[in-house]
Amino acid sequence: MADSPPYARIVAELRRRIAEGELAPGDRLPSTRQIAIRWGVALATATKALTTLKNEGLIVAEPRVGTVVAAAPTTPRPRPPAEPGDELTRDKIVRAAVEIADAEGLAAVSMRGVAAKLGVSAMSPYRHVDGKDELVLLMVDATYGSMAPPDPKIKSWRARAEAGSRGLWALYRRHPWLAQYTTLTRPVMLPNLAVHAEWMITALSAPGRTPTQVMNLHVLLFSYVQGLAVNLEREASARAATGLTEEEWLETQAEQYRSYVESGRFPAFSGLMRSFDEHGYDLDLDVIFELGLTALLDGLR
């Protein structure tokens with residue numbers, strides 16, 4: 001294997017670990033970033049290695065989890081030949097990039113990595129997309145375009161605002177990286193994001209509200225959903241970088257928490273933490289989202 005290309009050596013090692021049961025069905029594979037660091041290769045090479053194993057049916061990508069060993073690993077098989085009409089297109093490039101971002105985060109997306117995933121030469125995607133900046137714009141717009149429109153029969157402004165906000169939250173749940181991209185102070189005009197804005201502005205344009213109030217409320221609700229959703233990608237990135245789940249990471253902080261509780265300096269915090277001694281506390285972002293959305297809309301007039 002000494003003369004094999006770097007990606008093939010990585011594939012051989014991971015394939016061996018799967019075959020010998022060292023990596024069992026459902027176990028997470030190293031992320032592209034971890035592979036790049038461990039083997040000293042480029043992210044595109046790491047992506048090509050994982051793509052090879054996916055084509056063999058040994059591993060699958062799980063959104064918000066990463067790449068895991070398939071439940072029923074199959075005998076390695078060659079990549080199927082291209083079908084007539086299976087030529088590279090912009091849509092295929094964008095879909096492949098979104099799949100990488102869903103599994104590994106936006107930072108893992110590169111033109112070379114997308115090419116490796118699609119099994120084409122490194123320069124092929126450039127015939128359809130100018131570079132990563134344009135690719136990310138296309139990814140963001142396509143992903144917003146996948147959001148199912150709310151039921152047009154919804155009439156009250158509050159129900160319409162709830163439907164739009166929940167639809168946005170569900171989208172960020174499916175694609176955690178998306179919340180990292182859009183900023184409030186420097187918004188990018190994208191056709192499919194404008195569709196969401198149109199729905200929310202129409203919903204919030206209740207009698208008696210000035211245009212400024214409507215825009216401020218739209219920005220407030222959008223930023224609330226986006227701000228909470230940012231934590232989805234941060235947790236996914238932290239898990240990929242450390243290999244620790246949220247619960248495992250909290251265990252490493254137990255001693256520090258205990259020192260704060262027992263110090264006597266923070267009585268309110270200590271009392272609250274002790275109340276969770278018996279049953280614990282589960283941070284559920286979906287519950288927090290609903291709590292915050294209700295509170296925001298209750299306060300609107």
Would you indicate whether the side-chain heavy atoms of T67 and K54 approach each other to under 4.5 Å?
-> yes

Heavy-atom pair of closest approach, residues M111 and L135 | SD-CD2, 3.8 Å

Heavy-atom donor-acceptor pair, W177 side chain to E104 backbone, under 3.5 Å | no

Heavy-atom side-chain proximity of W39 to R9 below 4.5 angstrom | no

Step by step, would you call K92 with E87 a salt bridge (charged side-chain N to carboxylate O under 4.0 Å, His left out)?
-> CA-CA 9 Å; K92 289 180 182 178; E87 71 279 358; 5.7 Å; no

V114-Y181 co-clustered via ILVMFWY side chain contacts under 4.5 Å = yes

Working to the nearest 0.5 Å, report the span between CE of M189 and CG of L137.
-> 12.5 Å

Take Y144 and V195 through the side-chain contact (heavy atoms from CB on, under 4.5 Å) test and state the conclusion after the steps.
-> CA-CA 9 Å; Y144 277 116; V195 172; over 6 Å; no

Report yes or no: do V230 and V219 belong to one cluster of Ile/Leu/Val/Met/Phe/Trp/Tyr joined by side chain heavy-atom distances under 4.5 Å?
-> no

Locate the shortest heavy-atom distance separating P150 from A163; write the atom from each residue and the value.
-> CB-CB, 3.9 Å

Could you go through the side-chain contact (heavy atoms from CB on, under 4.5 Å) check for L285 and F289 one step at a time?
-> CA-CA 6 Å; L285 291 182; F289 167 75; over 6 Å; no

Go through the structure and list residues passing salt bridge (Lys or Arg N to Asp or Glu O under 4.0 Å) with E99, not counting sequence neighbours.
-> K117

Is the number of heavy atoms from other residues, nucleotides or ligands within 6.0 Å of CG (D282) greater than 12?
-> no

Would you please name every residue forming a salt bridge (Lys or Arg N to Asp or Glu O under 4.0 Å) with D27, sequence neighbours left out?
-> none

Flag, side chain of R90 to backbone of V129, donor-acceptor distance under 3.5 Å | no

Does CZ in R112 sit with more than 12 non-hydrogen atoms of other residues, nucleotides or ligands closer than 6.0 Å?
-> no

Do L29 and V69 touch side chain to side chain, with heavy atoms closer than 4.5 Å?
-> yes

Separation between CG of L14 and CD1 of I59, rounded to the nearest 0.5 Å = 7.5 Å

Partner set under side-chain hydrogen bond (donor to acceptor under 3.5 Å, both in side chains) for E22, not counting sequence neighbours = R17

Interatomic distance, L283 atom CG to N231 atom CG [nearest 0.5 angstrom] | 8.5 Å

Any sub-3.5 Å donor-acceptor pair from S146's side-chain atoms to T143's backbone N or O?
-> yes

Over 12 non-hydrogen atoms of neighbours within 6.0 angstrom of CD in E134 = yes

Hits for ring-ring contact (aromatic ring centres under 6.0 Å, His included) against F266, two or more places apart or cross-chain, chain-then-number order -> Y260

Between atom OG of S205 and atom CE of M200, what is the distance when rounded to the nearest 0.5 Å?
-> 10.5 Å

In the single-linkage hydrophobic clustering (I, L, V, M, F, W, Y; side-chain heavy atoms under 4.5 Å), do Y7 and I37 co-cluster?
-> no

In terms of hydrophobic clustering (I, L, V, M, F, W, Y; side-chain heavy atoms under 4.5 Å; direct or indirect links), are L228 and L291 co-clustered?
-> no

Between the CG atom in L221 and the CG atom in L297, the distance rounded to the nearest 0.5 Å is 6.0 Å

How far apart are the C-alpha atoms of W157 and L217, what are their side-chain angles, what is the distance that settles it, and do they pass the side-chain contact (heavy atoms from CB on, under 4.5 Å) test?
-> CA-CA 12 Å; W157 74 263; L217 291 175; over 6 Å; no

Should L293 and R166 count as side-chain neighbours, where that means a heavy-atom distance under 4.5 Å?
-> yes

Compare all side-chain heavy atoms of D277 with those of R274 and state whether any distance is below 4.5 angstrom.
-> yes

Under the salt bridge (Lys or Arg N to Asp or Glu O under 4.0 Å) rule, collect the residues that match up with D133, sequence neighbours excluded.
-> none

Closest non-hydrogen atom pair, A107 against K132 | O-NZ, 4.2 Å

If you count the non-hydrogen atoms of other residues, nucleotides and ligands that lie under 6.0 Å from OH in Y257, is the total more than 12?
-> no

Can you name the nearest heavy-atom pair linking L204 to A161, along with the distance?
-> CD2-CB, 4.3 Å

Tell me whether L300 is reachable from W199 by hopping between hydrophobic residues (I, L, V, M, F, W, Y) whose side-chain heavy atoms are closer than 4.5 Å.
-> yes

Do Q213 side-chain atoms and T210 backbone N/O form a donor-acceptor pair below 3.5 Å?
-> yes

What pair of heavy atoms forms the shortest contact from P125 to V120, and how long is it?
-> CD-CG2, 4.3 Å

Side chains of L53 and E56: does their closest heavy-atom pair fall under 4.5 Å?
-> yes

Could you go step by step and tell me if Y281 and L272 meet the side-chain contact (heavy atoms from CB on, under 4.5 Å) rule?
-> CA-CA 10 Å; Y281 171 74; L272 184 63; over 6 Å; no

Listed by chain and number, what are the salt bridge (Lys or Arg N to Asp or Glu O under 4.0 Å) partners of E233, not counting sequence neighbours?
-> none

So, for W169 and L232, which heavy atoms are closest and what is the spacing to 0.1 Å?
-> CH2-CD1, 4.5 Å

Quick one: pull up CG in L220 and CE in M215 and give me the separation to the nearest 0.5 Å.
-> 13.0 Å

With a 4.0 Å cut-off, would you call E162 and R158 a salt bridge?
-> yes

How about L178 and V140: do any of their side-chain heavy atoms sit closer than 4.5 Å?
-> yes

